[in-house]
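In this text, all values refer to a predicted model and were calculated from it rather than measured experimentally. Lettering follows sequence order; numbering is per chain, from 1.
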Amino acid sequence: MSEIRVRFAPSPTGYLHVGGARTALFNWLFARKRGGVFVLRIEDTDRERSSEEMVGYILDGLRWLGLDWDEGPYFQGERVEAHRECAHRLLDSNRAYRCFCSVEKLDAARRQAIAEKRSGAVRCACRSLDPEEAKRRGASEPFAVRFRTPEGETVAFDDIVYKATSKETNDIEDFVLLRSDGSPTYHLSVVADDAEMRITHVIRGQDHLSNAPKQILLHRALGNPVPVFGHLPLLLAPNKAKLSKRTHGEVVSLSFYRDRGFVPDAFVNFLALLGWSPGGDRERLSRAELVELFDLSRVNLSNAVFNFALGDERNWTDPKAIALNAEYLASMPLDELLPMVRPFLERASLWRDEFEGTWAAWFRRTIDLLRERCRTLADFAERGRPYLADEFEMEEKALEKNLRGKAEEIRGRLAALADRLATIEPWEAAAIEPAVRAFAEENALKIGTLMNAARAALTGTNVGPSIFEVFVIVGRERAAARLRAAEKLL
RNA sequence: GUCCCCAUCGUCUAGCCUGGUCAGGACACCGCCCUUUCACGGCGGCAACACGGGUUCGAAUCCCGUUGGGGACGCCA
């Protein structure tokens with residue numbers, strides 16, 4: 001049995017989006033599961049729309065997800081001579097022909113065919129031109145090279161996902177192989193490169209399903225071994241349209257998920273479950289488990305909706321993705337989490353080198369305390385501010401409800417509590433709690449009122465971890481200072 | 001318009017191949033418990049086999065049709 005080789009072949013005409021990332025992931029999983037080779041090929045034959053910058057983004061995205069490739073990146077644009085050579089071979093064997101029609105004329109013919117309720121797969125008149133005559137004309141006239149699609153045949157193939165699939169060749173147009181400027185088109189390049197790179201399994205989006213018969217025909221005409229195809233159901237936007245960077249914007253771009261604080265493993269886990277399931281109830285799956293359980297033939301046949309709602313503060317992207325990310329944040333090894341949090345703190349100007357030096361133990365404890373309440377890495381910067389820095393916002397809600405609203409009861413008591421903090425030993429939750437409770441009792445204060453007021457004073461909010469843990473993390477002096485400051489707001 | 005593909009809770013899905021289960025799970029949502037906050041956790045609730053015909057003792061499961069959705073039909077990839 002020869003080696004299994006798959007490829008991910010994005011075109012660098014835009015950012016890597018979530019759908020493309022999933023295609024890459026499924027190729028990667030398939031290769032890793034079967035001990036195959038994962039090839040990365042950049043399909044940059046559309047020179048006008050491709051850019052080097054986009055190539056960089058695509059590589060960054062794959063690296064972020066941890067989808068390491070074994071070969072490449074190869075650039076299709078560097079192989080145009082080989083592709084052209086294929087077209088000429090086809091021309092020589094009469095499996096392709098020269099077409100002298102103008103693009104305008106063809107467009108008009110196609111529109112008319114559709115208007116007359118006929119097939120859109122129009123055949124060009126140049127198909128029946130005498131090859132020798134066409135060759136002579138070609139010396140002085142621009143022409144495109146078209147594939148001579150056989151007539152009256154059925155192309156059948158077994159798709160790993162869609163199983164038995166077939167298409168009548170009469171429904172396939174004579175697609176272009178070489179443009180009139182001599183540049184190869186997608187179909188030709190893909191087929192030539194897949195053969196050259198000895199690709200055994202073509203795993204890609206279902207939007208390519210109707211391209212498979214054309215490519216099979218081309219492979220046969222070229223005398224290549226035909227690869228096995230596996231088409232993946234599409235990822236749809238909430239409005240059920242195919243996901244596209246252009247219409248759906250940055251929220252479908254992979255880099256957006258990195259920037260908004262997703263853990264790569266969590267996002268990979270989520271992506272894997274979009275269109276595939278190992279069967280049963282298992283959902284939280286590590287990368288190793290994914291590789292172990294992955295089975296392309298178990299991929300769903302129907303398209304999956306990727307839910308996002310940018311206007312929605314809480315569920316700006318698929319709630320299930322967020323839930324999974326929160327689960328990873330809460331339970332992943334702290335040592336892996338810490339370095340992921342750092343860039344988000346840096347971006348918010350909350351990072352201090354001491355966090356990795358003299359304050360390392362304290363920092364670990366702080367992040368560990370916060371993680372249960374964070375849904376993205378960005379939340380650490382947002383919720384962590386009162387713990388990590390001295391300037392933080394006093395939320396109006398907290399101020400009104402737990403400080404000013406309770407002014408009669410707590411006036412003078414906050415400052416008194418601040419004094420009391422100095423006497424607590426050791427400075428741990430187990431000692432702070434009884435001391436604070438005793439203080440409340442002595443002052444005829446409801447403990448809840450005092451705790452809520454303290455939370456507002458120390459963190460500026462009315463939500464967060466146990467107030468006694470908060471005291472520990474904020475620290476004796478800072479806590480006292482904040483209590484006194486809050487006293488002045490009453 | 002032509003061709004191709006698809007169809008289980010709001011969403012992701014298990015079950016379908018090899019008909020017989022209260023159609024299972026997760027997320028979301030709602031309630032209760034835990035907690036004098038929030039979150040986590042626990043318990044419970046809401047919620048689906050698109051429709052119509054067959055085949056069969058019996059259909060989510062097999063067949064046909066309808067409807068709905070998606071994709072392709074480019075000298076884009």
Side-chain angles (χ1 to χ4, degrees), chain A residues 9-13 43-46 48-50 76 99 101-103 106-107 110-111 113-122 142-146 159 162-163 165-168 170-173 175-187 189-190 205-214 231 233-234 236 238 240-242 270 273-284 300-307 315 318-324 326-327 330 370-375 383 398 401-402 446-452 454-456 459 461-467:
Chain A
S11 67
T13 53
E43 310 217 317
D44 55 351
T45 53
D46 184 345
E48 279 159 36
R49 293 197 299 150
S50 297
Q76 201 156 58
C99 170
C101 300
S102 70
V103 176
L106 259 14
D107 274 350
R110 191 174 306 112
R111 273 196 301 273
I114 289 174
E116 289 173 10
K117 309 191 178 195
R118 284 184 291 112
S119 165
V122 292
F143 61 89
V145 174
R146 285 180 183 277
D159 190 282
Y162 286 90
K163 317 304 174 198
T165 307
S166 67
K167 179 133 180 160
E168 302 301 320
N170 288 356
D171 292 322
I172 301 174
E173 75 280 9
F175 50 96
V176 171
L177 264 20
L178 243 38
R179 301 185 184 93
S180 43
D181 66 357
S183 63
T185 62
Y186 165 76
H187 288 296
S189 302
V190 168
Q206 194 238 65
D207 48 344
H208 286 287
L209 192 56
S210 58
N211 288 334
K214 296 179 194 174
H231 289 90
L234 264 22
L236 267 28
K240 307 263 196 236
K242 184 169 91 164
F270 170 73
L273 260 18
L274 235 34
W276 172 77
S277 154
D281 296 340
R282 304 194 61 186
E283 296 208 326
R284 171 82 184 269
N300 253 273
L301 307 184
S302 47
N303 296 339
V305 172
F306 175 59
N307 263 312
N315 290 320
D318 201 297
K320 195 152 185 170
I322 294 179
L324 214 39
E327 227 181 286
L370 259 21
R371 69 200 294 200
E372 188 118 312
R373 263 152 280 255
C374 290
R375 308 194 318 148
R383 296 167 190 264
K401 184 171 177 213
N402 294 325
K446 276 194 278 189
I447 182 68
T449 302
L450 182 61
M451 283 165 65
N452 287 333
R455 181 174 295 102
T459 68
T461 79
N462 45 219
V463 301
S466 156
I467 185 62

Nearest-Å distance, [atom1] ([X]) to [atom2] ([N])?
| X | N | atom1 | atom2 | value |
| --- | --- | --- | --- | --- |
| Gln76(A) | A77(B) | CD | C1' | 9 Å |
| Phe175(A) | C75(B) | CZ | P | 12 Å |
| Leu301(A) | C4(B) | CG | C1' | 14 Å |
| Asn211(A) | C4(B) | CG | P | 15 Å |
| Lys320(A) | A28(B) | NZ | P | 9 Å |
| Asp159(A) | A72(B) | CG | C1' | 15 Å |
| Asp44(A) | A77(B) | CG | P | 10 Å |
| Leu178(A) | C75(B) | CG | P | 13 Å |

Please report the shortest heavy-atom distance between [X] and [Y], naming the atom on each side.
| X | Y | result |
| --- | --- | --- |
| Gly464(A) | Arg373(A) | O-NH1, 3.5 Å |
| Asp44(A) | Gln76(A) | OD1-N, 3.4 Å |
| Leu209(A) | Asp159(A) | CD1-OD2, 3.9 Å |
| Leu274(A) | Ala304(A) | CG-CB, 4.4 Å |

Worksheet, complete the sentence: Protein-proximity profile, nucleotides 29-49 of chain B, B/S/- by nucleotide at the 4.0 Å heavy-atom cutoff, equals -------BBBBS---------
Practice prompt. Heavy atoms under 4.0 Å is the rule here; annotate nucleotides 13-23 of chain B 5' to 3' with B where the base is hit, S where only the sugar-phosphate is, and - elsewhere.
Written response: SSS--------
Roughly how far apart are [X] [atom1] and [Y] [atom2], rounded to 0.5 Å?
| X | Y | atom1 | atom2 | answer |
| --- | --- | --- | --- | --- |
| Arg455(A) | Asn462(A) | CZ | CG | 8.5 Å |
| Leu106(A) | Arg111(A) | CG | CZ | 11.0 Å |
| Asn452(A) | Ile467(A) | CG | CD1 | 8.5 Å |
| Phe306(A) | Phe270(A) | CZ | CZ | 5.0 Å |

According to the Watson-Crick and G-U wobble definitions, with both distances under 3.5 Å, which nucleotide is paired to [N]?
| N | answer |
| --- | --- |
| C62(B) | G54(B) |
| U36(B) | none |
| C9(B) | none |
| U21(B) | none |
| G44(B) | C30(B) |
| U2(B) | A72(B) |

Worksheet entry | His208(A)-G71(B) aromatic stacking (under 5.5 Å, under 30°) | no
Worksheet item: So does Lys240(A) get a side-chain nitrogen or oxygen closer than 4.0 Å to the phosphate oxygens (OP1/OP2) of G68(B)?
Response: no
Exam field: side chain [X] to backbone [Y], donor-acceptor pair closer than 3.5 Å:
| X | Y | result |
| --- | --- | --- |
| Asp318(A) | Asn307(A) | yes |
| Arg179(A) | Pro184(A) | yes |
| Thr165(A) | Lys163(A) | yes |

Roughly how far apart, to the nearest Å, are [N] and [M] at atom [atom1]?
| N | M | atom1 | answer |
| --- | --- | --- | --- |
| U8(B) | G69(B) | P | 14 Å |
| U11(B) | C51(B) | P | 15 Å |
| A60(B) | C49(B) | P | 11 Å |
| C30(B) | U21(B) | P | 34 Å |
| A23(B) | A47(B) | C1' | 13 Å |
| U61(B) | A7(B) | P | 12 Å |
| U35(B) | C43(B) | C1' | 16 Å |
| G31(B) | C22(B) | P | 32 Å |

Worksheet, complete the sentence: Picking from G69(B), C5(B), C73(B), the nucleotide nearest the side-chain atoms of Glu173(A) would be C73(B)
Practice prompt. Kindly point out which of G71(B), C5(B), A77(B) is positioned nearest to the side chain of Asp207(A)?
Written response: G71(B)
Discussion item. So that I can tick it off, tell me whether Lys214(A) and Glu173(A) are bridged by a salt bridge, with the cut-off set at under 4.0 angstrom between side-chain N and carboxylate O.
Written reply: yes
Practice prompt. By nearest nucleotide on RNA chain B, pick out whichever of Tyr162(A) and Ala9(A) is the more 5' one.
Written response: Tyr162(A)
Practice prompt. Name the residue closer to the 5' end of RNA chain B, choosing between Ala241(A) and Pro319(A) according to the nucleotide with the nearest heavy atom.
Written response: Pro319(A)
Item to complete: Would you state whether a donor and an acceptor, one from the side chain of Ser210(A) and one from the base of C73(B), lie under 3.5 Å apart?
Response: no
Worksheet item: If you look at every strand shown and take non-hydrogen atoms under 4.0 Å, does Arg110(A) touch a base, only sugar-phosphate, or nothing?
Response: sugar-phosphate
